[in-house]
Amino acid sequence: MKITILKPDTLGATASTICLIHCVATPFIFLAHVTTGCCNTSVPLWWQSVDYIFLLISFFAVYRSTKNTSKKIMKPALWVSWTLLFGVIINEKFEFIHIPEYLHYMPALALILLHIYNLKFCQCNNNSCCINNG
């Protein structure tokens, strides 16, 4: 929990990167699984729940990052990216609308880039520069 408080952008960029790798690798893993001739084609529950774990970790990282950023634009940018990631994952599970596959990766990529940018250029050196002096 200490990393969430002290380095939320590092946690957020790491979680978003792992999430992106998970999303890219999943089709290949299941394609390899199906081509081996195995009879069980269902997705394991633990693999499905990984998406929600990434969402939860990303939520806390975005929450902490927006409290400690020095640029006002970062707060809505991080939240919009997280909301889009949430929407894409929920849409993937329930298939409300068809979204092209390549668009599924954009919110995670945006979160990675925003967290890295925030980490490099938007850190407060003291409490007076932060947007929210919680």
Side-chain angles (χ1 to χ4, degrees):
M1 194 62 160
K2 191 174 184 179
I3 192 169
T4 306
I5 295 168
L6 298 178
K7 299 196 183 269
D9 288 311
T10 302
L11 175 68
T14 303
S16 297
T17 301
I18 295 169
C19 177
L20 186 61
I21 292 167
H22 165 76
C23 292
V24 170
T26 298
F28 296 110
I29 291 170
F30 286 104
L31 180 63
H33 179 72
V34 169
T35 58
T36 60
C38 185
C39 300
N40 189 2
T41 60
S42 64
V43 179
L45 182 61
W46 66 270
W47 187 261
Q48 293 175 4
S49 65
V50 170
D51 294 338
Y52 299 113
I53 293 167
F54 286 133
L55 272 179
L56 188 63
I57 292 169
S58 295
F59 176 83
F60 286 112
V62 167
Y63 176 76
R64 291 296 302 167
S65 292
T66 57
K67 290 210 170 269
N68 297 322
T69 189
S70 63
K71 302 224 190 276
K72 290 184 179 183
I73 191 69
M74 291 306 294
K75 188 174 185 174
L78 284 164
W79 281 118
V80 165
S81 294
W82 185 87
T83 303
L84 289 172
L85 181 64
F86 177 81
V88 164
I89 289 174
I90 295 301
N91 186 59
E92 183 77 17
K93 299 296 181 204
F94 298 106
E95 300 175 9
F96 295 120
I97 59 172
H98 174 71
I99 298 174
E101 285 300 317
Y102 69 91
L103 290 179
H104 289 141
Y105 309 122
M106 296 303 148
L109 186 59
L111 273 176
I112 294 166
L113 296 174
L114 287 169
H115 276 298
I116 291 170
Y117 181 83
N118 197 46
L119 182 64
K120 287 192 168 274
F121 302 110
C122 306
Q123 295 302 300
C124 294
N125 295 329
N126 56 43
N127 283 340
S128 66
C129 77
C130 295
I131 293 172
N132 188 358
N133 292 333

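When side chains are defined from C-beta on, D51 does not count as touching E92, because their heavy atoms never get closer than 4.5 Å. Contact check for V62 versus H115: side-chain heavy atoms found under the 4.5 Å cut-off. Between F121 and T69 there is no side-chain heavy-atom pair separated by less than 4.5 Å.
When the side-chain contact (heavy atoms from CB on, under 4.5 Å) test is applied to L56, the partners found at least two apart in sequence or on another chain are F60. With sequence neighbours excluded, the residues forming a side-chain contact (heavy atoms from CB on, under 4.5 Å) with L109 are L20, L113, listed by chain and number. With sequence neighbours excluded, no residue forms a side-chain contact (heavy atoms from CB on, under 4.5 Å) with T83.
Going from atom CG of L84 over to atom CG of L103 covers 10.5 Å, rounded to the nearest 0.5 Å. Separation of atoms OG1 (T66) and CH2 (W82) is listed at 12.0 Å; rounding is to 0.5 Å. Separating the OG atom in S58 from the CD1 atom in I112 is a distance of 9.5 Å, to the nearest 0.5 Å. Rounded to the nearest 0.5 angstrom, F54 CZ and I57 CD1 are separated by 7.0 Å. Distance check, rounded to the nearest 0.5 Å: CG of N118 to NZ of K75 gives 12.5 Å.
Residue I18 is not grouped with residue V88 when hydrophobic side chains (ILVMFWY) are merged at heavy-atom distances under 4.5 angstrom, including chains of intermediate members. The same ILVMFWY cluster, assembled from side-chain heavy atoms under 4.5 Å apart, contains both I97 and M106. A continuous path of hydrophobic side-chain contacts links I90 to L85 [ILVMFWY only; heavy atoms under 4.5 Å]. Hydrophobic clustering keeps L119 apart from I73 (ILVMFWY residues linked when any side-chain heavy atoms are closer than 4.5 Å, directly or through intermediates).
Panel note: side chain D9, backbone S65; no donor-acceptor pair is recorded below 3.5 Å.
The two atoms that bring A77 and L114 nearest to each other are O-CD1, 3.4 Å, heavy atoms only. Nearest heavy-atom pair across L111 and L78 is CD2-O, 3.8 Å.
Aromatic ring orientation, Y63 versus F59: parallel (interplanar angle below 30°, classes split at 30° and 60°).
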